[in-house]
Amino acid sequence: MATDASPAFRTVPQSHDFHPEISVSPSPTHDGLEFRQFMIAGSIAGLVEHMAMFPVDTLKTRMQILGGSCSVQPIGVRQALGSMLKLEGLAGLYRGIGAMGLGAGPAHAVYFSVYEMSKEFFTRGNPNSSAAHAVSGVFATVTSDAVITPMDVVKQRLQLQSSPYKGVADCVKRVLVEEGVGAFYKSYRTTVVMNAPFTAVHFATYEAAKRGLMEVSPESASDERLVVHATAGAAAGALAAAVTTPLDVVKTQLQCQGVCGCDRFSSSSIGDVIRSIVTKDGYQGLMRGWVPRMLFHAPAAAICWSTYEASKTFFQKLNGSESCRT
């Protein structure tokens, strides 16, 4: 076979010597972890985050519906919470948590594993690139939203006051029979349009804040590093939540349309829903529920990131101990 004369194309003699000290097992993909370990860490983080903050999420959903489609005057956080506890008790704050439990684990497993793989690809040569972190976050959210959107629809319908559904299974069955499978994805486009900038802001802010905090105390102990992850996560969650509240209001309106007297929309167009909200409530209607949304995402992000990083550290130590044994 003819070969090019340039060094780049010269064949290199292959050695057939056996080196027993060289492991032939697949190496970890990134940060010393394998793909499945990113998925497990992400799943744990998502479940802990959403289970811990679910009551605040219920409060946010109620406030985004009140004063909008259901023709009830908007109220404050304390009023909404007091009314819920008085009429429904503590259990009302947790209605629909089963749907979130079913959706959050798989969705976050996809979310974090895609993020880590994308980050490894896009940050080659520049590990501190905020743009690469933002793009990686967008890739992660587009894929994970496809997993969680159906369960998010079920969750929000169950969170409504006087919800007509008995539970997760009943809601899924009735939506399928009465509205078809498409009803579970009517808000998907809005969710992606909302979560793409949300995630871009979130990841870029998180990575920048974490880097800044680590530079202040580079030799910090593991418990101090956990505080760093939590602080950076809280800052990222609060900022991203505030920026994307209008689209979250649109998403809630689409997912709850036709339930408990809420309006139905002729299309899933974001523009049509925004015009409807502005016509009824003015531009302030697009910011309904922004306080509980920020109250949700700041601690939720802190919980999620600290849990995720703690899970990654556990797997890194586990992999290290296994490599020592071999």
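Note that these values count all heavy atoms, side chains included, but never hydrogens, waters or copies made by symmetry. Nothing here was measured: the structure is a model prediction, and the numbers come from that model.
- Thr141 contributes no side-chain N or O that, together with a main-chain N or O of Gly137, makes up a donor-acceptor pair within less than 3.5 Å.
- Put simply, the side chain of Thr58 gets close to the backbone of Leu93: a donor and an acceptor are under 3.5 Å apart.
- Between the side chains of Gln37 and Asn319, at least one donor N or O sits under 3.5 Å from an acceptor N or O.
- In this structure, Pro197 and Val192 approach most closely via the heavy-atom pair CD-O, 4.3 Å.
- Hydrophobic clustering keeps Leu47 apart from Tyr111 (ILVMFWY residues linked when any side-chain heavy atoms are closer than 4.5 Å, directly or through intermediates).
- Under the 4.5 Å side-chain heavy-atom criterion for grouping Ile, Leu, Val, Met, Phe, Trp and Tyr, Met84 is connected to Val291 within one hydrophobic cluster.
- The CG atom of Leu176 sits 4.5 Å away from atom CZ of Phe184, with the distance rounded to the nearest 0.5 Å.
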**OP:** May I have the step-by-step check of side-chain contact (heavy atoms from CB on, under 4.5 Å) for Cys262 and Gln253, ending in yes or no?
**Re:** CA-CA 8 Å; Cys262 296; Gln253 295 289 324; 5.6 Å; no
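- Between the side chain of Ser129 and the backbone N or O of Asn126, no donor-acceptor pair lies under 3.5 Å.
- Taking 4.5 Å as the limit, some side-chain heavy atom of Val259 sits within range of a side-chain heavy atom of Tyr165.
- Across Ala99 and Val154, no two heavy atoms sit closer than the pair CB-CG1, 3.9 Å.
- Heavy-atom contacts from other residues, nucleotides or ligands closer than 6.0 Å to CZ of Arg264 number more than 12.
- Considering only heavy atoms from C-beta on, Pro299 comes within 4.5 Å of Met53 through its side chain.
- Using bins of under 30°, 30° to 60° and over 60° for the plane-to-plane angle, the ring pair Tyr94/Phe54 lands in the parallel bin.
- Classification of Glu215 and Lys210 as a salt-bridged pair fails, no side-chain N sitting under 4.0 Å from a carboxylate O.
- Val114 and Phe122 fall within the same hydrophobic cluster, defined by Ile, Leu, Val, Met, Phe, Trp and Tyr side-chain heavy atoms under 4.5 Å apart, directly or through other members.
- Counted by atom type alone, Arg288 and Thr245 present zero donor-acceptor pairs between their side chains at under 3.5 Å.
- A 4.5 Å side-chain heavy-atom check between His108 and Met39 finds every atom pair outside the cut-off.
- Of the possible polar contacts, none joining the Thr205 side chain to the Ala236 backbone as a donor-acceptor pair under 3.5 Å is found.
- Put simply, CD on Gln316 and CG on Leu318 are 11.0 Å apart, with the number rounded to the nearest 0.5 Å.
- Remark: the backbone N or O of Leu160 is not paired with any side-chain donor or acceptor of Arg95 at under 3.5 angstrom.
- Between the side chain of Arg174 and the main chain of Pro164, a donor-acceptor pair closer than 3.5 Å is present.
- Of the charged side-chain nitrogens involved, at least one lies within less than 4.0 Å of a carboxylate oxygen, so that Lys155 and Asp152 count as a salt-bridged pair.
- A side chain to side chain donor-acceptor pair (under 3.5 Å) with Thr252 holds for exactly one of Gln257, Gln64, Lys60; it is Gln64.
- In this structure, CG in Asn195 is found 7.0 Å from OG in Ser144, a value given to the nearest 0.5 Å.
- In summary, Lys280 and Asp263 engage in a salt bridge, as defined by a charged side-chain N under 4.0 Å from a carboxylate O.
- The shortest distance between side-chain heavy atoms of Lys251 and Tyr188 does not fall below 4.5 Å.
- Between Cys260 and Gln161, every side-chain heavy-atom pair lies at or beyond the 4.5 Å cut-off.
- Side chain to side chain, Glu49 and Thr307 fail the donor-acceptor criterion of an N or O pair below 3.5 Å.
- Look at Glu179 and Arg157 and you find a salt bridge, because one of the NZ, NE, NH1 or NH2 atoms lies within 4.0 Å of a carboxylate O, short of that distance.
- For the atom pair CE of Met194 and CZ of Arg189, the computed distance is 14.5 Å after rounding to the nearest 0.5 Å.
- For the pair Gly285 and Val249, the tightest heavy-atom approach, listed with the atom from each and the gap, is O-CG1, 3.8 Å.
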Original post:
Under the ring-ring contact (aromatic ring centres under 6.0 Å, His included) criterion, do Phe38 and Phe315 qualify, and how do the steps go?
Top reply: CA-CA 9 Å; Phe38 284 125; Phe315 283 123; 9.1 Å; no
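- Side-chain atoms of Ser187 and Thr149, non-hydrogen and from C-beta on, do get closer than 4.5 Å to each other.
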**OP:** Please report the C-alpha distance between Gln284 and Met287 in whole Å, then the side-chain angles of each, then the deciding distance to 0.1 Å, and finally whether the side-chain contact (heavy atoms from CB on, under 4.5 Å) criterion is met.
**Re:** CA-CA 5 Å; Gln284 67 268 25; Met287 292 302 293; 5.7 Å; no
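- Pro150 and Ala146 get closest at one heavy-atom pair: CD-O, 3.9 Å.
- The NZ atom of Lys312 lies 4.5 Å from the CD atom of Glu309; values are rounded to the nearest 0.5 Å.
- Separating the CG atom in Leu102 from the CD1 atom in Ile97 is a distance of 11.0 Å, to the nearest 0.5 Å.
- When every heavy atom of Ala134 is checked against every heavy atom of Ala204, the shortest pair comes out as CB-CB, 4.4 Å.
- Linking ILVMFWY residues whenever their side-chain heavy atoms come closer than 4.5 Å, directly or via other members, leaves Tyr185 and Val147 in distinct clusters.
- Screening Leu59, Asp57, Val56 against Leu295 for a side chain to side chain contact (heavy atoms under 4.5 Å, CB included) leaves a single residue, Val56.
- No single ILVMFWY cluster, assembled from side-chain heavy atoms under 4.5 Å apart, contains both Val177 and Val172.
- Contact record, Val77 with Pro292: CG2-CD, 3.8 Å, taken as the closest heavy-atom pair.
- The backbone N or O of Ala140 lies less than 3.5 Å from a partner atom in the side chain of Thr143, making a donor-acceptor pair.
- For Thr191 and Asp145, the side-chain atoms include no donor-acceptor pair closer than 3.5 Å.
- Between the side chain of Ser163 and the backbone N or O of Gln159 there is no donor-acceptor pair closer than 3.5 Å.
- Using a 4.5 Å heavy-atom cutoff, the side chains of Phe112 and Ser311 are not in contact.
- Under the 30°/60° scheme for interplanar angles, the aromatic rings of His202 and Trp305 are found to lie parallel.
- Checked by atom type, the side-chain pair Tyr206/His133 shows no donor-acceptor distance below 3.5 Å.
- Between Ile65 and Cys256 the shortest side-chain heavy-atom distance falls below 4.5 Å.
- Arg62 and Glu88 are joined by a salt bridge, as a carboxylate oxygen and a charged side-chain nitrogen come within less than 4.0 angstrom of each other.
- In this structure, the side chain of Ser306 engages the main chain of Ile303 through a donor-acceptor pair within 3.5 Å.
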Subject >> ring-ring contact (aromatic ring centres under 6.0 Å, His included) assessment of Phe198 paired with His297 >> reply: CA-CA 11 Å; Phe198 177 95; His297 280 287; 4.9 Å; yes
Original post:
Which is it for Phe139 and Tyr115 under the ring-ring contact (aromatic ring centres under 6.0 Å, His included) test, yes or no, and what are the steps along the way?
Top reply: CA-CA 7 Å; Phe139 273 94; Tyr115 173 69; over 10 Å; no
